[in-house]
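Heads up, the thing below is written out as structure tokens.
We use all heavy atoms of the structure for the numbers below, so side chains are in, but hydrogens, waters and symmetry mates are not. This is a predicted model, so every value here is computed, not measured.
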Amino acid sequence: MSITDFIGEIPYRMALAGGWIDQPFVSRFNPKPPGSMVVVSLEPIVRFMERAGIATGTRNVARRIWNDKLPVGRSRAELVRELYHEENKNLIDKSGSQDMIGTIYPGISRLDYDYTCEEGVFPKHIESTNDPQIVAWLERVIHLIPVAPRPPGYNPVGVKNLDAEAIAALGQSGKDCYDAILARDIKRLGQSMKDCTRAYLKILPHTLLHPTLSAFDYVKFQEDYQARYAGAMFSGCGGGYMIVASEDERVDGAFKIKIRAERK
């Protein structure tokens, strides 16, 4: 039997730099649109934690409405919209469309959000790569360390500092991240991750400074990994996994990912 017999075949989604620019309440204040973020489609080779920034909620909806298989014969854009509307139909605080795009689009994708395009709900442009050498490089340098799922009562948007300069930096970090991946430049990749975390912590301080995050100091925990490796960031707000960017063959406590790439 395969692991997918137990956890299903729908891909997971990993987000790198630029996260939160897909939320219209953020992108509408970006003085330098479009702002970008990077998502990576992951093969379901392990069962990822719920509430850990790997879009498991979106994945669960996809499993339900599509009988655990991505539909064939329909455009990816159509599937993204269907999944977005299904997940968000009864929600006040809506999931961003990057969750759906990262689940459905194979490979590594840069999503460009501009509030003047559909009020920032869907990206103005999507740029993807499935280049085997780039995919293999990113698989080699990304290491995931399980930390903790978001605790009950956690809410990352209780405090909003919608500073235009920080939002512009957030959107730029996604562009820099994608360029670094294409160039297979670990130093630039790590810097983009640091720039992203610095920006979103200023915009939404409760991402890592919420009262429910009392087990340890999440900010210092992340900074410790950033000091020891080329780059590091939590997989989602409130914890999840520590994503480490390093050319070291082994990172203590980490496992490797398998990117779901389009094969030609």
Side-chain angles (χ1 to χ4, degrees), residues 11-24 26-28 30-43 53-55 58 70 74-84 95-142 167-196 199-200 231 233 235 243 245 257-264:
Y12 289 95
R13 186 279 289 126
M14 178 178 69
L16 292 175
W20 286 102
I21 202 68
D22 67 315
Q23 288 288 345
V26 176
S27 67
R28 71 182 299 174
N30 186 3
K32 299 178 181 180
S36 303
M37 69 170 298
V38 174
V39 293
V40 183
S41 186
L42 301 180
E43 296 279 8
I54 307 291
T58 299
L70 290 179
R74 296 170 59 190
S75 74
R76 292 165 184 157
E78 180 185 357
L79 295 177
V80 165
R81 289 171 184 268
E82 179 182 342
L83 186 53
Y84 177 89
S95 298
S97 60
Q98 58 100 349
D99 291 341
M100 299 81 198
I101 297 167
T103 302
I104 293 168
Y105 279 66
I108 306 154
S109 300
R110 189 195 73 219
L111 319 180
D112 301 333
Y113 286 90
D114 186 332
Y115 189 75
T116 64
C117 175
E118 300 189 79
E119 296 186 330
V121 173
F122 298 102
K124 185 176 184 179
H125 177 71
I126 299 175
E127 190 76 25
S128 298
T129 181
N130 288 270
D131 183 290
Q133 292 183 319
I134 295 172
V135 167
W137 178 81
L138 193 62
E139 288 177 339
R140 181 171 63 82
V141 302
I142 291 294
I167 292 172
L170 182 71
Q172 184 62 44
S173 75
K175 298 174 187 176
D176 294 343
C177 180
Y178 192 73
D179 289 346
I181 292 170
L182 294 186
R184 289 177 276 174
D185 188 324
I186 189 71
K187 184 176 180 180
R188 288 165 55 195
L189 172 60
Q191 186 62 50
S192 73
M193 296 165 75
K194 294 173 186 176
D195 292 344
C196 173
Y200 75 57
M233 64 189 301
S235 58
I243 304 174
I257 61 170
K258 177 67 176 176
I259 296 173
R260 169 182 160 258
E262 190 173 45
R263 312 296 179 185
K264 293 184 179 180

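- If you take NZ on Lys124 and CG on Asp112, they are separated by 9.0 Å, rounding to the nearest 0.5 Å.
- No donor-acceptor pair closer than 3.5 Å links the side chain of Asp114 to the backbone N or O of Pro34.
- Scanning all heavy atoms of the two residues, the minimum distance from Pro123 to Leu111 falls at CB-CB, 4.2 Å.
- The CD atom of Gln133 lies 14.0 Å from the CG atom of Leu138; values are rounded to the nearest 0.5 Å.
- Here the side chains of Tyr105 and Ile126 are in contact, with some heavy-atom distance below 4.5 Å.
- Taking 4.5 Å as the limit, every side-chain heavy atom of Thr103 sits out of range of all side-chain heavy atoms of Ser41.
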Donor-acceptor list for residues 13-22 side chains, cut-off 3.5 Å, not counting sequence neighbours:
unit_1 : atom_1 : unit_2 : atom_2 : d
Arg13  : NE     : Gln98  : OE1    : 3.0
Arg13  : NH1    : Gly53  : O      : 2.9
Arg13  : NH2    : Asp99  : OD1    : 2.5

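- Counting heavy atoms from C-beta on, the side chains of Leu70 and Pro11 come closer than 4.5 Å.
- The environment of CD in Glu78 is crowded: more than 12 heavy-atom neighbours from other residues, nucleotides or ligands sit within 6.0 Å.
- Looking at Tyr113 and Ser97, their side chains do bring a donor and an acceptor atom within 3.5 Å of each other.
- Ile243 has its side chain within reach of Ser235: a pair of non-hydrogen atoms, C-beta onward, lies under 4.5 Å apart.
- Residue Tyr178 comes nearest to Thr129 through the heavy atom pair OH-N, 3.4 Å, listed as atom of the first residue, atom of the second, then distance.
- For the residue pair Met100 and Ser95, the shortest heavy atom distance occurs at CE-CB, 4.0 Å.
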task = Before giving the answer on side chain to side chain contact (heavy atoms under 4.5 Å, CB included), spell out for Ser109 and Val38 the whole-Å C-alpha distance, their side-chain angles and the decisive distance to 0.1 Å.
result = CA-CA 6 Å; Ser109 300; Val38 174; over 6 Å; no
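- The side-chain heavy atoms of Tyr84 and Val121, taken from C-beta on, include a pair separated by under 4.5 Å.
- The shortest distance between side-chain heavy atoms of Leu189 and Trp137 falls below 4.5 Å.
- Taking 4.0 Å as the cut-off between side-chain N and carboxylate O, Glu82 and Arg76 do not count as a salt-bridged pair.
- Once rounded to the nearest 0.5 Å, the distance linking CD1 of Ile104 with CZ of Arg74 reads 9.0 Å.
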request  = Dump the intermediate steps for side chain to side chain contact (heavy atoms under 4.5 Å, CB included) on Val80 and Phe122, then the final yes or no.
outcome  = CA-CA 9 Å; Val80 165; Phe122 298 102; 4.1 Å; yes
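- Separating the OG atom in Ser128 from the CG atom in Asp131 is a distance of 12.5 Å, to the nearest 0.5 Å.
- Side-chain contact check for Asp179 versus Arg188: some heavy-atom pair is nearer than 4.5 Å.
- To the nearest 0.5 Å, the span separating OG on Ser173 from CE on Met233 amounts to 7.5 Å.
- The pair Glu127-Lys175 does not meet the salt-bridge criterion, since no charged nitrogen lies less than 4.0 angstrom from a carboxylate oxygen.
- Counting heavy atoms from C-beta outward, Arg110 and Met37 have side chains that stay 4.5 Å or more apart.
- Separating the CD1 atom in Ile108 from the CD atom in Glu139 is a distance of 8.0 Å, to the nearest 0.5 Å.
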